[in-house]
Structure formats: C-alpha cells, structure tokens
Number of protein chains: 4
Amino acid sequence: MPEPKAPDASRRSERSRRAIFDAALALVSETGYAKTTVEGIAARAGVGKQTIYRWWPSKAAVLLDAFLDLAARAAEEAGATGGRTELPDTGDLAADLRLVLRATVDELNNPLYDAPTRALAAEGSTDPELGARFTTALLEPQLQVFGRRIEAAQAAGQADPAVDPRLATELLVGPLHHRWLHRTGPLDHAYADALVEHALRGLTPRP
Amino acid sequence: MPEPKAPDASRRSERSRRAIFDAALALVSETGYAKTTVEGIAARAGVGKQTIYRWWPSKAAVLLDAFLDLAARAAEEAGATGGRTELPDTGDLAADLRLVLRATVDELNNPLYDAPTRALAAEGSTDPELGARFTTALLEPQLQVFGRRIEAAQAAGQADPAVDPRLATELLVGPLHHRWLHRTGPLDHAYADALVEHALRGLTPRP
Amino acid sequence: MPEPKAPDASRRSERSRRAIFDAALALVSETGYAKTTVEGIAARAGVGKQTIYRWWPSKAAVLLDAFLDLAARAAEEAGATGGRTELPDTGDLAADLRLVLRATVDELNNPLYDAPTRALAAEGSTDPELGARFTTALLEPQLQVFGRRIEAAQAAGQADPAVDPRLATELLVGPLHHRWLHRTGPLDHAYADALVEHALRGLTPRP
Amino acid sequence: MPEPKAPDASRRSERSRRAIFDAALALVSETGYAKTTVEGIAARAGVGKQTIYRWWPSKAAVLLDAFLDLAARAAEEAGATGGRTELPDTGDLAADLRLVLRATVDELNNPLYDAPTRALAAEGSTDPELGARFTTALLEPQLQVFGRRIEAAQAAGQADPAVDPRLATELLVGPLHHRWLHRTGPLDHAYADALVEHALRGLTPRP
DNA sequence: AAGTAACCGAGACGGTACGTCTCGTCTTCTA
DNA sequence: TAGAAGACGAGACGTACCGTCTCGGTTACTT
C-alpha cells in the first residue's frame, strides 16, 4: 500500500498548530460549527489551507483536537500538576455524585463548551472514525471517573456489587446527556440531584 | 410583511412528495446522510430542485418528514388501524418495560432506521429549529408511551409515586440512547434487561 | 461514450457571456495573460466560476472567443454591414500589399491587440486543440485575404502563376510575424514596404 | 540597493546542474512543458527545490539553459571541435540555402527539439525577459549564419546588394517558422526548396 | 371551450467552500 | 556551509452543491 506519504511531524510548526486551534475555537464560538469553514480557520490563523489538510482530515478533526487541547489546558490549570482529575471520595457516595453531576450540568450549560461539544457529538454520531476518537479521547475519561468511584463504593459496601459499574455510570450520565442533547427539559442542579437520588434508590417503592 | 408567498398545498403533487421521500431514504441508506444532497434527491426522484425547496427548507427537513412518513406507515401496518401505539400493561412493570426496551434496541440496531435517526439526531442537536421538530414529532411520542405506563404503575403501587415520570423515563431511555449514540458498548437485549432491573431497584445495596 | 452532458445553449445568458468577454480582455490588457486567472475573470464579470467552466474548457479558450468577438465587432464597425473584409484591388499589387501589411504592422503594434494575440499564439503553439481554433478562426481568414489578392494578381499577369498563393502569402506574413513574435528588429511601415518589395522582386540581383 | 544576495557561483555543484538539466529535458519530453513543475524537476534530479531557485528565476529559464546546453553538446559532437557552426559556401547560393533550410525543417520536425522549442518560444513571446534570452542565445546565432552567407553572396554578386541581409534572412526563416508554429501546412523539404526558390526569384513574373 | 393561474421538470445562474496543486520562501538537519 | 529535504503562507485550480431564478409544459380551476 503506497501510503500517501506522511509528513514529518518533528518539523511541524507549533506556532501554526496553536494558531489553528485558537482560530477554530473562536470561529465555532462566534459563528457556529456549521458556518465555520476550513478556509475561514486558515485565514483567521494566518495559515495556508494545506497546513491544515496536511495534519487533519476534516474540520471536525481539527475542532476535536482543538477542544482536547483546550480541555487539557483547563485541566492542567485546575489540577496544578498534570495529574489525572479524580472524583472526590468523602465516603458519602450520593454527595460525591451530586457534586460531579452538578459540575457536568454547569459545563454543558456553558456556551463556550456547549457549541463545540454539540458539534462534535453530532459529527461523531455520523462519522464513525471521528466518533471513536471523540468517545475515547473526550467521553471515556469522563465516564471512567464515575466508574472508579462506583467501584470504590462497591468495595466499601455503599453500592450493590452486582451492578456493572459501566451500566451504573450510564444510568447517571445517560439521562443527563439525553436531556442536554434533545433539550427535552430543564438542565439544572435540581435535575442532577434528582438523578442521583433515583439512580441510587431505584424506581421501586420502598416499604 | 410580504410573507414570501406560500404555495398552494391543495395543488401539491402527491406523486412527487412520495418520490422525494423514497429517494431521500434510499440515498441516506445507500450513501449516508453527509453525501446525500438535495440535488441528488431531486435527480433520483425525477423532480425539479425547486419542488423540494418549495416545500422544505433543508435536506434535514425532507429527511425528517420522510422518516416520519416511514414510521407512520410502519406503525399503521403493525397496528392494523391507525390507532395510537401503546405500551402493554400486563401488571408486571418490569416485564412490560423489558419488552419495549428490547424493541427499542432492535430498532436502533436496524440499519434501515439507524442511519436516518443518527443523522437527524446529529442535525437536530445543532439546528435548534429542526431539533425541536425532531423531538416533538419523533422522540416525544416515544417517551410519553413510557411516561403513561409509569404513571399507571404509580397508580397501581408498582412504582414510587414520588418519582417524576419524566425522569423515570429518561432513566431508562437515556442510557440506551447514550450507548447507541456513542457506541460505548454492546447494545443488546441483555443490556435492556439490566437497565430495567437497575433502574427499578437502584444502585444501593438491598439488605 | 458518456459525453459529459452538454449544457443547453439556448438558455445561455447573453449578459454573462458579454461580461466575461469584457472582463477577460480588460484583465489581459491590464495585468497580462499569465496573471489573469479564471477566478479573476469571474469576479470581475460578476459571474460564478462555473458559468465560465460550463462553456469553456480553459482561460485560453475564453480569451480566444473574447478576442474573436472583439475582432468581429471591430470588423462590423469598420465594414458597415457584416460583409467580408477584402483586400483592395487597385490594379497595383505592390501598393495594395503595402497598404495591408502596414495595417497589419499597426495592429501588431497596438498594445490592445498585442497582448491577447501573443498570449493566444503562445498558448496555441503548445496546446494543439487551441492552436487549431486559433489558426482557423483568427489567422486563416487573414491569410486568405492575401491569398485571394495574389490569385487575382496571377490572373491579371501581375504575379508569377507558378507560385503557390499560400507560399506567397507566407513569404509576406511570415517574416512580419517572426519579427513581431521574437522582437528581432523594429516593426514599422518601412519594414512592411521593404518586405513587399523584396518578396515581389526576390533577392536575386536584376540585370 | 541590497541585491538579494548572489550565491557563490564558484561553489556551485556541477553534479546538481547536470542532473537538473537532464531532469528538465526528460520531463518536458515525457509529459509536456505545461505539466512539468519545478517541484517535479527537483524531485527527479534528486535536488532540493532551493537549489533550483537559487540559480534560476523560473522553470522556463531552467529549460532554456538545459536546451542551450543540449544544443551546445550536440554541436560539439557534430563539429568535432567547439568551433562555430557555419553555413557552407559552395558558390551556389540556392543550393546552400536549400541545404540548411532542409536541416532546419528536420530539426523542427524532430519531437525531441520540437516540444522544448515550442514551449520556449511560447513563454518567450509573453515574458519579454525570457524572450530576449531566447532570441539572443538560441535564435540569433542561427539567423546570423544565414546573414553571413547572404552577405558573402552579395559580395560575390549572387545576391542583390541593396537588400538588408537581415530582411533576407527573415524572408527565408520567417515563413518556415510561421508554418511550424501555426501548423498551417506541411513542413517538408519540398516546402524548404520552394521557399528558397521564390525568396530568391520573387513573386513577380519573369519575362 | 377559452383563459388563466400555479405547480411541475429542468437546469442555468451567482455564489461558497471544497480538497488538491504548485509556487517561491524559510527552516532544519546532514555531509 | 552548501545542499537535500520538506514544511510553510499563499492562492488558483476545477468540482460539487447551494438556494434562486427563469423557462416551457402540463393540470385543474375559472369564466
């Protein structure tokens, strides 16, 4: 297979990479994903179009990397050292989950994150390649934070050990994302709290 | 305001409408939503482009109507007369939910439905106008089937009356859609069953 | 052979055709042929690029048609009715040829004609397809004016009947074009006169 | 004036120069001038692009030098020592001219020479700078061969001393080039012979 | 039956963006 | 320190569609 000849990454211009990320995020925030064009990103970044096409296959891929970079920088800023963000473990599972789910709600309501995330989720749901990258790089880490906390809870006897931690995670995150994506109702802290409560207690009436 | 002049719906060609729906669904199935163009639909349907633009504002809108039409025809075929599809009430809430959730899984796994649904969900998450139509016309009816069954369960003492039926619905449907949309795991009957079980019983360990 | 589908010439926009011609000639005059781009012509003409590519295969083809149109209009203006331009026949062959050759010199020295003609001759010498069109449509008619006058001269006993009229024509026009194309010397009326004289009398010394 | 910094010619790599010439001529022969690119020449020659741009201003300039080099080598091979090629002087002007004009015809018909010459003539007719170099270095020496022979003929009384030798030269070469460039008729020995005859005798009928 | 509206298939139009190609410059690494 | 390698900013290429705008040619309602 005569692979179309890969460019030499070691000679890549960091300056251009940064400029492209900044331009991409700015344009998506300002004019929306659909109206953002590769041509526009290149122009705004002061970069040739080919410099974008050399390193990314599509504008969605550019935006995904730009967003990952943004998230990484934000995380680094928050977590001082580049360590992994972790869900707190105060011993009170419900309280801990509420805290993080509320934070997730806030993030999804932040227009700065909302627009690119929507666009990426949308594009990813159609383009499997991108969807995989989106899931692995952006979504999965978030989910596994929940997963680990729930495993800890199971070990501590705070959660039913028979439940698949992954399913438990989805029981919390799934409804949240559903409401966010389809705008089927208010997305606020109250909703996050209620979600935690009923995911833990179930729908069956207690005696 | 000189409203851009509405066409006379009574003189509309049913023949063309059908041909457009068929062409749209076929093209999306065959080549994917992104590669489907209004021009292509018109050509395949043997129709002028203007005939599409006269009645729909975008290809997404065409596809949504085409899909609604498809669903309506499928429902009519299944439900004999055009009555409203309803979730069965055998008295066993868990069994009833399992049944429908399994059916939903089958539907989402059916490539004939998968492609258009993904495309519409994607487009709708970006375009609020379309998203609203998508939600109201396609999603909401499905959700309310669950809602009504849960309300009945609450009335019969099979479900905690303190839970918002809408939240309960999302607790079941949200994780399912999440896994489907992001392809984060296998989407099968076992998953549907586990979902029902844990949504009902909760994550908290039982004594 | 799946001919790429010809556009319907009867629906062609005369307005656009004219605008394209004007823009093409203006740009070539102002900035030169090499710096003239299809994109630039389209922009200047207020026309979509596709409208150019729909009707012409290359910018050279556009310019050729534009130039032919210009020549046709100039001829019509000069010759009152659209009759064919003809070399005068005063009975004095040398005088008649001088007249026309001087006119040719003036034309080649006119920067308005010079730039496009050079460009077309250049492009045509490389692209055989275009070269053929250039020759047939632009060059040949000019040459045949000479050809006919020489035939008349032969009939009237003013010219050697043994000479191929085509060769005779080239004996007059060839040197002129050569000097023009390669700028190997001054191109003026004196040169035209000398050319006529020696083409008629030959290089051999007269007794 | 800060002359853009001239490279040190003494350190120039002869190896690269040769490789560039070979690559340029090969590519023009194989794929045509238009499809030949500086990038392609550099790649084929195993040379950096900058090495070309350091020494030549354009691909036409490269090709011109490559062609001059080719011609020089061919001449050296033919003329044993590097002496100047000269038109023979057998005393019979017509015969001598026929001989050289026939040779010119053969050269113009040789596809190895035809393609680059056409390209250079074309480019030169548009780009005055290059045109001047083309004329001086390639065309002029050829023309002056004729010029000198004609002067000799005049001195020997074989040619009208009143005729400008330059014009006489053009009377022979101009028609030939014209027919070659515009492909307006067959270019063969018969044409060369006829050209010589009528250039010498003129078009006027002899008593 | 003639007249008249408007929908229809068709497709040319002015545009925008695409993804590719080549230009001529600039930078980095190697011999 | 010249040269190979090739990334870069720039921008034209030719293509694909967009959404609008005429064009006749059918219908289907007036008069």
Side-chain angles (χ1 to χ4, degrees), chain A residues 4-5 7-13 15-16 19 35-43 45-55 57-59, chain B residues 4-13 15-16 19 35-43 45-59, chain C residues 4-5 7-13 15-16 19 35-43 45-55 57-59, chain D residues 4 7-8 10-13 15-16 19 35-40 42-43 45-59:
Chain A
K5 193 163 52 183
D8 180 349
S10 72
R11 303 190 45 185
R12 184 166 182 181
S13 160
R15 202 178 180 294
S16 298
K35 289 196 169 178
T36 298
T37 65
V38 173
E39 220 145 40
I41 296 172
V47 139
K49 276 202 288 179
Q50 196 56 45
T51 300
I52 293 184
Y53 284 112
R54 184 152 34 228
W55 303 108
S58 66
K59 82 169 163 174
Chain B
K5 189 165 52 183
D8 179 349
S10 73
R11 304 193 46 182
R12 183 168 183 181
S13 159
R15 203 178 179 294
S16 298
K35 289 195 170 180
T36 299
T37 66
V38 173
E39 220 144 40
I41 296 172
V47 139
K49 276 202 288 180
Q50 197 57 45
T51 301
I52 293 184
Y53 283 112
R54 185 151 33 227
W55 303 108
W56 293 277
S58 67
K59 81 168 164 174
Chain C
K5 194 164 50 182
D8 180 348
S10 73
R11 303 189 46 186
R12 185 166 182 181
S13 160
R15 204 179 177 292
S16 298
K35 289 194 170 181
T36 298
T37 65
V38 174
E39 219 144 42
I41 297 172
V47 139
K49 270 203 291 181
Q50 197 56 47
T51 300
I52 295 185
Y53 283 112
R54 182 150 37 228
W55 303 109
S58 66
K59 81 169 164 174
Chain D
D8 180 350
S10 71
R11 305 197 45 181
R12 183 166 185 184
S13 159
R15 202 178 178 293
S16 297
K35 289 195 170 179
T36 299
T37 66
V38 174
E39 219 141 40
V47 139
K49 275 201 290 180
Q50 197 55 45
T51 303
I52 294 184
Y53 282 114
R54 187 151 31 227
W55 303 109
W56 292 277
S58 66
K59 81 169 163 174

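The chains referred to below are lettered A, B, ... by the order of the sequence lines, with proteins before strands, and numbering in each begins at 1.
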Q: Below 3.5 Å is the cut-off: list the nitrogen or oxygen pairs between protein and nucleotides 27-31 of chain E, distance only.
A:
from	atom 1	to	atom 2	distance (Å)
dT27(E)	O2	Arg11(A)	NH2	3.0

Q: Using side-chain hydrogen bond (donor to acceptor under 3.5 Å, both in side chains) as the criterion, list what pairs up with Thr51(B), not counting sequence neighbours.
A: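 Thr51(B): no side-chain hydrogen bond (donor to acceptor under 3.5 Å, both in side chains) contacts found.
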Q: So what does Trp55(C) touch, heavy atoms closer than 4.0 Å: a base, only the sugar-phosphate, or nothing?
A: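 Touches sugar-phosphate only.
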Q: If you compare every side-chain N and O of Ser13(B) against the phosphate oxygens of dC7(E) (OP1, OP2), does one of them come in below 4.0 Å?
A: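 The answer is no; no side-chain N or O of Ser13(B) sits under 4.0 Å from OP1 or OP2.
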Q: Select from Arg15(A) and Ser58(B) the residue whose nearest nucleotide in DNA chain F is closer to the 5' end of that strand.
A: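 Result: Arg15(A).
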Q: Roughly how many Å is it from OH in Tyr53(B) to C1' in dC18(F), rounded to a whole number?
A: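 So the OH-C1' distance, Tyr53(B) to dC18(F), works out to 5 Å.
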Q: Is it the case that over 12 heavy atoms from other parts of the model lie below 6.0 angstrom from the CZ atom of Arg54(A)?
A: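 Correct, the count exceeds 12.
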Q: Can you list everything that forms a salt bridge (Lys or Arg N to Asp or Glu O under 4.0 Å) with Lys59(A)? Sequence neighbours excluded, please.
A: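 Residues passing salt bridge (Lys or Arg N to Asp or Glu O under 4.0 Å) with Lys59(A): none at all.
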Q: Checking Glu39(A) now: which residues fulfil side-chain hydrogen bond (donor to acceptor under 3.5 Å, both in side chains) with it, not counting sequence neighbours?
A: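 Checked Glu39(A) against side-chain hydrogen bond (donor to acceptor under 3.5 Å, both in side chains); matches are Lys49(A).
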Q: Can you sort out the partners of Thr37(D) under side-chain hydrogen bond (donor to acceptor under 3.5 Å, both in side chains), two or more places apart, ordered by chain and number?
A: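 Thr37(D): no side-chain hydrogen bond (donor to acceptor under 3.5 Å, both in side chains) contacts found.
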Q: Restricting to side-chain hydrogen bond (donor to acceptor under 3.5 Å, both in side chains), what partner residues turn up for Trp55(A), sequence neighbours left out?
A: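 Trp55(A): no side-chain hydrogen bond (donor to acceptor under 3.5 Å, both in side chains) contacts found.
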Q: Does Lys49(B) contact dG19(F) through a side-chain donor or acceptor facing the base, at a distance under 3.5 Å?
A: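 Answer is yes: a donor-acceptor pair is held.
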